[in-house]
Number of protein chains: 2
Amino acid sequence: MSQTTTASTPANGTSARAVGAHAPDGPLGPLEIQRRAVGPKDVPIDIRFCGICHSDIHFARGEWGGIPYPAVPGHEITGVVAEVGAEVTTFATGDRVGVGCMVNSCRECENCEAGNEQYCLAGNTQTYGSKDRDGTVTYGGYSDHVVVDEDFVLRIPDGLELDAAAPLLCAGITTYSPLRHWNAGPGKRVAVVGLGGLGHMAVKIAHALGAEVTVLSQSLRKREDGLKLGASAYHATSDEDTFTELAGRFDLIINTVSARIDIGRFLSLLRTDGALVNVGAPPEPLPVPVFALIPQRRTFAGSAIGGIRETQEMLDFCAEHGIAADIEVISAGQVNEAWERVLASDVRYRFVIDNATL
Amino acid sequence: MSQTTTASTPANGTSARAVGAHAPDGPLGPLEIQRRAVGPKDVPIDIRFCGICHSDIHFARGEWGGIPYPAVPGHEITGVVAEVGAEVTTFATGDRVGVGCMVNSCRECENCEAGNEQYCLAGNTQTYGSKDRDGTVTYGGYSDHVVVDEDFVLRIPDGLELDAAAPLLCAGITTYSPLRHWNAGPGKRVAVVGLGGLGHMAVKIAHALGAEVTVLSQSLRKREDGLKLGASAYHATSDEDTFTELAGRFDLIINTVSARIDIGRFLSLLRTDGALVNVGAPPEPLPVPVFALIPQRRTFAGSAIGGIRETQEMLDFCAEHGIAADIEVISAGQVNEAWERVLASDVRYRFVIDNATL
């Protein structure tokens with residue numbers, strides 16, 4: 001990463017160091033980007049850490065649709081408030097803060113009014129690759145600083161370290177929200193499919209919520225980890241017996257796997273009125289046997305991150321229960337290598353960039 | 001139907017006239033079957049009317065798995081109590097009663113105990129083609145009488161005619177149950193996909209529950225009917241504009257179509273937290289795009305009939321609101337022809353056999 005290129009961006013802002021993609025198929029490299037000028041409601045944040053999410057890779061490689069390049073991913077951001085805009089009331093310089101997957105929304109629709117900005121009917125502004133309400137394109141957290149409206153900034157509670165807290169902003173809230181929505185708690189049996197970045201957070205949170213947690217993974221390779229994270233059982237989905245033994249057992253299954261899985265077999269593990277909730281989205285439609293839904297009134301659902309209020313609730317919950325992500329901290333120069341390891345599922349359980357190395 | 005065959009069945013019962021299938025691919029014909037001897041909790045019922053459900057055809061033709069022949073379909077039964085077993089407390093001779101899709105269940109599992117016998121964990125005993133708890137095979141309502149445990153007999157309220165009430169025992173409860181479970185009512189927008197036997201009941205019931213009802217049908221052919229039944233809007237799914245115009249509109253979609261439809265397009269019509277509920281089951285899995293579920297936390301679900309208590313509630317609700325099925329009464333000799341017309345969707349909206357013609 002010897003050569004730094006400069007992205008063309010609006011004037012009047014500040015220059016920021018970043019690592020990003022210049023094209024869908026090349027490696028990431030150093031970039032200089034412009035952050036917008038600090039508005040009255042804005043909070044400029046010195047980014048200390050940024051988690052690496054599988055979505056970053058899909059995005060930067062254009063696998064979820066064409067994007068403008070250069071592109072800077074990263075939506076698991078923690079840092080410290082550098083200064084505050086004239087009308088900011090919630091934060092002060094020096095506060096420990098976080099930014100997740102969105103940095104704006106319409107603020108007027110019924111979902112925004114209900115605090116469900118993740119389901120903004122006009123479409124929320126994503127932390128990277130989105131056109132913001134002011135017309136600028138957003139750049140993510142693989143960067144030294146970011147400017148975000150205070151309404152989309154989260155407070156990191158004292159009990160959480162900034163590095164291990166970073167993945168909570170996506171992996172944490174993406175699993176916390178459906179666990180809460182579908183009432184995971186005491187007396188409920190929850191299965192988590194896949195023990196990766198999202199899965200390991202789902203296990204920790206479901207356990208902390210008081211549910212009985214089972215991990216369903218391709219093999220038993222990570223069994224010891226799973227039990228340590230809070231699962232009381234761990235089964236291999238490559239073992240036929242798993243599906244007979246656990247038939248009709250779970251109230252809720254959180255599927256963190258984006259690859260194509262046999263949905264019908266997993267639906268058969270649900271009890272009456274149980275829900276299988278996908279938080280990962282495979283690009284191709286999944287074949288769903290309706291005969292697996294009807295006889296026990298089962299549901300197949302999807303869930304996206306969480307609202308801002310709910311994300312703060314999740315951070316406070318994690319601090320209270322001493323939960324954060326299991327991480328491997330890397331330097332900015334290791335991002336390409338880390339992406340390859342993410343694609344090979346070779347991380348326990350989240351890479352976090354030390355943004356001081358940018 | 002000149003030749004009557006006699007099915008081999010247990011002794012000690014009574015002989016019954018019936019119409020049934022001798023093989024998966026032949027026409028229905030007259031049969032003589034044996035009904036079991038009246039036990040202390042049994043209610044022998046003189047069948048007056050029996051609705052023709054599409055399931056009858058799937059069943060008799062072996063399309064849902066191999067079955068023993070001869071087979072007698074029919075699970076939309078109304079009639080009059082002929083006598084009562086020694087310990088029967090709920091019914092008396094002469095009472096107007098009904099029997100739906102099931103005639104027994106384990107009575108011990110948590111679902112049976114909760115009144116959800118339709119989801120009996122041991123599997124409930126279907127009205128036809130099932131092995132009952134006493135080992136006999138059940139025969140349905142295309143017959144002059146039936147013997148049913150009082151716990152699975154429904155009371156037909158005075159306000160309902162026995163002919164038009166018959167389809168409520170399957171088409172009625174199959175739509176009432178999900179409409180209630182997913183809270184159809186004032187302020188809710190409900191769409192009904194398909195205006196056949198189930199669909200026309202879904203429209204009537206959803207309207208009576210106070211919901212705003214839209215019919216989504218392939219063409220506008222039955223538009224006038226739909227509006228008369230209680231829909232306030234009627235759209236053709238063959239018209240591309242339907243899917244843009246109605247995007248994100250509905251809280252609940254009841255899909256009564258058993259054929260393969262494009263689930264992703266129908267999911268796009270749901271608002272945040274909306275549910276698409278299949279009550280018809282296509283034999284092949286339906287491709288579900290997860291990207292249609294995640295962004296608005298939508299669900300795709302299935303629902304089967306309803307419990308006995310809920311079925312009684314539905315009958316009382318229908319009587320109170322002056323609702324029953326729109327029917328075409330036929331004689332037993334017209335059953336084969338009626339089946340052909342059911343397969344051609346040429347009935348408004350349910351055939352009902354006058355069992356006095358058997």
Side-chain angles (χ1 to χ4, degrees), chain A residues 64-65 109-112 114 116 118-124 174 177-178 181-182 247-248 255 257-264 267 270-307, chain B residues 64-65 109-112 114 116 118-124 174 177-178 181-182 247-248 255 257-264 267 270-307:
Chain A
W64 284 348
C109 72
E110 60 187 33
N111 288 341
C112 284
N116 292 317
Q118 79 273 35
Y119 301 127
C120 172
L121 296 176
N124 59 55
T174 297
S177 183
H181 185 75
W182 276 275
N255 177 20
V257 174
S258 302
R260 189 180 174 120
I261 65 167
D262 185 342
I263 289 294
L267 286 171
L270 290 173
R271 47 191 298 194
T272 311
D273 289 325
L276 168 58
V277 182
N278 255 51
V279 293
E284 295 300 314
L286 292 174
V288 175
V290 180
F291 272 109
L293 296 171
I294 288 180
Q296 296 294 328
R297 198 164 51 193
R298 294 164 173 141
T299 64
F300 178 47
S303 175
I305 52 171
Chain B
W64 284 348
C109 71
E110 59 186 34
N111 288 340
C112 284
N116 291 317
Q118 78 273 35
Y119 301 127
C120 171
L121 296 176
N124 59 56
T174 298
S177 183
H181 185 74
W182 276 274
N255 177 21
V257 174
S258 301
R260 189 181 174 118
I261 65 167
D262 184 342
I263 289 294
L267 287 171
L270 290 172
R271 46 191 300 191
T272 310
D273 289 323
L276 168 59
V277 182
N278 255 52
V279 292
E284 295 300 313
L286 292 175
V288 175
V290 181
F291 271 108
L293 295 171
I294 288 180
Q296 296 294 329
R297 196 164 52 195
R298 294 166 174 140
T299 64
F300 178 46
S303 176
I305 51 171

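Quick note: numbers below take in every heavy atom, side chains included, and nothing from hydrogens, waters or symmetry partners. Labels below follow one simple rule: chain letters A, B, ... track the order of the sequence lines, proteins then strands, and each chain is numbered from 1.
The CD atom of B:Gln118 sits 8.5 Å away from the OG1 atom of A:Thr272 when rounded to the nearest 0.5 Å. Rounded to the nearest 0.5 angstrom, A:Leu121 CG and B:Arg271 CZ are separated by 8.5 Å. Rounding to the nearest 0.5 Å places CZ of B:Arg298 at 10.5 Å from OH of A:Tyr119. Taking CZ of A:Phe300 as the reference point, atom CD1 of B:Ile263 lies at 11.5 Å (rounded to 0.5 Å).
Nearest heavy atoms, B:Phe291 versus A:Pro283: CE1-CA, 4.5 Å. Of all non-hydrogen atoms in A:Thr299 and B:Ala301, the two that sit nearest each other are CG2-CB, 3.4 Å. Shown here for A:Ile294 and B:Ser303, the closest heavy-atom pair between the two residues is CG2-O, 3.6 Å.
Residue with the most contacts toward chain B among A:Ala304, A:Pro178, A:Gly264, A:Ala275: A:Ala304 (heavy-atom pairs, distance under 4.5 Å).
Neither the backbone nor the side chain of B:Val277 comes within contact range of chain A; no heavy atoms are under 4.5 Å apart. Proximity to chain A is limited to the backbone of B:Cys120, based on heavy atoms less than 4.5 angstrom apart.
Every pair passing salt bridge (Lys or Arg N to Asp or Glu O under 4.0 Å) that includes a residue from residues 273-293 of chain A is listed here, sequence neighbours excluded: A:Asp273-A:Arg297.
Shown here are the side-chain contact (heavy atoms from CB on, under 4.5 Å) partners of B:Pro282, two or more places apart in sequence or in another chain: A:Val290, B:Asn278, B:Leu286.
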